[in-house]
Amino acid sequence: MRKDSFPKFKALLKKVDNVVIVTHWSPDGDAMGSSLGLYHYLKTLKKTVTVVVPNEYPDFLKWMPGDKSVLVYEKNEAKVNKLLAKAGAIFTLDFNSFKRIEKLGEEIAKTSAPKILVDHHQQPDTYASLYFHDVNACSTCELIYDLIIGLGGKKQIDKKIAACLYVGLMTDTGSFRYPSVSSKTHTIIAELLKTGIIPSEIHSAVYDTYSESRMKLLGYALSEKMTILEGLPVAYIALSESELTRFDYKKGDTEGLVNYPFSIKGIKVCALFNESEGGVKTSFRSKGKIDVNTFARAHFNGGGHINAAGGKSYGSLEDTVKKFISLAKDLVK
Ligand code: 5GP
Ligand code: MN
C-alpha cells in the first residue's frame, strides 16, 4: 500500500489545467465508474479532462453520465496522442502496469506529464509520481471516493459522480457480497445514496440488459461446457471462438460467467477460457487463501487480485485448458 498525502495531490492539481484519465484494457464497471467519477469531479475544479479507454467497453456501461465524451484509443489514436502530449497530469485508474494497456501504455510512457496511479490490484509498477494504492480497497471507486473527500470535495459529490462510483463499488464487489466488502463500503454507499441515486435502477441498468443470445450462451456454458475436475474443488468453462460466434457474442457477454460454479458446494476455484483471434482470454476466481494473482502472473501472462485475476494465453484453447488442468492440483493444495 502506498498513499501519498492529500496536500501532494492538491499541489499537483493546482498546477495543471489539462488532465487525461486512462483505465485498463477491456474496461469493466470499476474502470469506467472510477474514470467517469473522477472526470466529473475534476470538471468541478474547472480542469479540461478527457477519459481515454484502450479499447471498447460493454454496452451495459454506456448509459453512465459522461459516457459520450469517452475516447476509445483504438479508434482515435492521433487525437489521443495529441491530448497526451498536452496533458499536465495523467491519471491511471484500476490497473498498475503499462503492459495492461498495450500500445496506449507505450505512448503514455513516452510523455513527460506526471502520472498518478489510483488502484487496488496487487504488485503495482513504479511509473507514477503520485500513488493512491491499496489492495484492501474493494474497488478503485472506493479509492476515488476517498481521494475526493481528502481533497475537500465532499460537497462536489453530486448525483452524476455518485452514480459513477456506485457502479464500480457494486460491480467489483459482486453486488456487495465479496470478502472485500466492509462497513466502510456500506458507509460510502450510504453517503452516495444521499445524492438521490436509486440503487435498484443502477443495478438494473447494468445487470438486466442481457440479449436473448447472451442468456442462451450462459445456459449453454453451464449445462454443456462446465467441467469439474475429478477430486478437486475446481471448475472451468472453455468457450471456442465458433461457440461464441454461434451465440452472437458481444463484448461483455461472458462478464460474470466465471463465478457461477461457486454456487456448487465445495468449489474453490473457477476458471473461464474464451478463445478469440489473438489467443485465449483467461479468467480465474478463488476462495480464501488460494492466490490466483500469483498463478495468473506465473502461468498466464496476467495478474489481478488474490481472489480474482485474469490473463491471456497465446496457445490453442485446448493447450491452454490442458495447461490449466495440469497446474490445478498445485494451485489448490
Ligand atoms: P477478469 O477475469 O474479470 O478479466 O479480471 C479479473 C481481475 O484481474 C480484474 O481486476 C482485472 O483488472 C484483472 N486482470 C484481468 N486480466 C488481466 C491481465 O491480463 N493482466 C493483469 N495484470 N490483470 C488482469
Ligand atoms: Mn477494480
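In this text the structure is predicted, and so the values were computed from the model without any measurement. Just follow the structure's listing: the first ligand is 1, and inside any ligand the first atom is 1. Along the sequence shown, the residues carry numbers beginning at 1.
- Using a 4.0 angstrom heavy-atom cutoff, R285 counts as in contact with ligand 1.
- Using a non-hydrogen distance threshold of 4.0 Å, E255 does not register as a contact of ligand 1.
- Checked by atom type and distance alone, the side chain of R285 never pairs as donor or acceptor with a backbone atom of C270 at under 3.5 Å.
- Ligand 1 places these atoms under 4.0 Å from at least one heavy atom of G304: 8 (O), 13 (C), 23 (N).
- Atoms of ligand 1 found under 4.0 Å from any heavy atom of H305 (numbered from 1 in listed order, with element): 10 (O).
- The minimum heavy-atom distance between P65 and K160, with the atom names listed, is CB-CG, 3.8 Å.
- Nearest protein heavy-atom contact of atom 7 (C) of ligand 1 is A308 O, 3.6 Å.
- With 2.8 Å as the limit, D30 counts as an N, O or S neighbour of the Mn ion (ligand 2).
- An N or O contact shorter than 3.5 Å links R100 to ligand 1 by distance.
- Per-residue contacts place K312 under 4.0 angstrom from the following atoms of ligand 1 (heavy atoms of the residue considered): 19 (O).
- Of the charged side-chain nitrogens involved, none lies within less than 4.0 Å of a carboxylate oxygen, so that E107 and K103 do not count as a salt-bridged pair.
- Those atoms of ligand 1 with a heavy atom of G302 less than 4.0 angstrom away are 18 (C), 19 (O), 20 (N), 21 (C), 22 (N).
- Within the 2.8 Å limit, D94 places at least one N, O or S atom next to the Mn ion (ligand 2).
- Among all heavy-atom pairs drawn from C164 and L36, the shortest one is SG-CB, 3.7 Å.
- With respect to atom 4 (O) of ligand 1, the closest heavy atom belonging to the protein is K281 NZ, 2.9 Å.
- Of all protein heavy atoms, the one closest to atom 9 (C) of ligand 1 is H121 NE2, 3.7 Å.
- Geometric assessment of K225 against the ring of Y220 yields a negative cation-pi assignment under the 6.0 Å and 45° thresholds.
- Under a 3.5 Å cut-off, the side chain of N293 and the backbone N or O of G304 do form a donor-acceptor pair.
- A salt bridge links K184 and D146; the closest N-O separation between the charged side-chain nitrogens and carboxylate oxygens is under 4.0 Å.
- Rounded to 10 degrees, the NE2-metal-OD2 angle spanning H120 and D172 at the Mn ion (ligand 2) equals 90°.
- With respect to atom 18 (C) of ligand 1, the closest heavy atom belonging to the protein is G310 O, 3.7 Å.
- Ring orientation note: the planes of H120 and H305 are tilted relative to one another, at an angle of 30° to 60°.
- The shortest N or O to N or O distance between F284 and ligand 1 is not under 3.5 Å.
- Nearest to atom 23 (N) of ligand 1 among the protein's heavy atoms is G303 O, 3.0 Å.
- Close N/O approach between S283 and ligand 1 is found [any backbone or side-chain N/O within under 3.5 Å].
- The local environment of NZ in K251 is crowded, with over 12 non-hydrogen atoms from other residues, nucleotides or ligands closer than 6.0 Å.
- Counting non-hydrogen atoms of neighbouring residues, nucleotides and ligands closer than 6.0 angstrom, the NZ atom of K154 reaches no more than 12 such neighbours.
- Using cut-offs of 30° and 60° on the angle between ring planes, the pair F300 and F273 is tilted.
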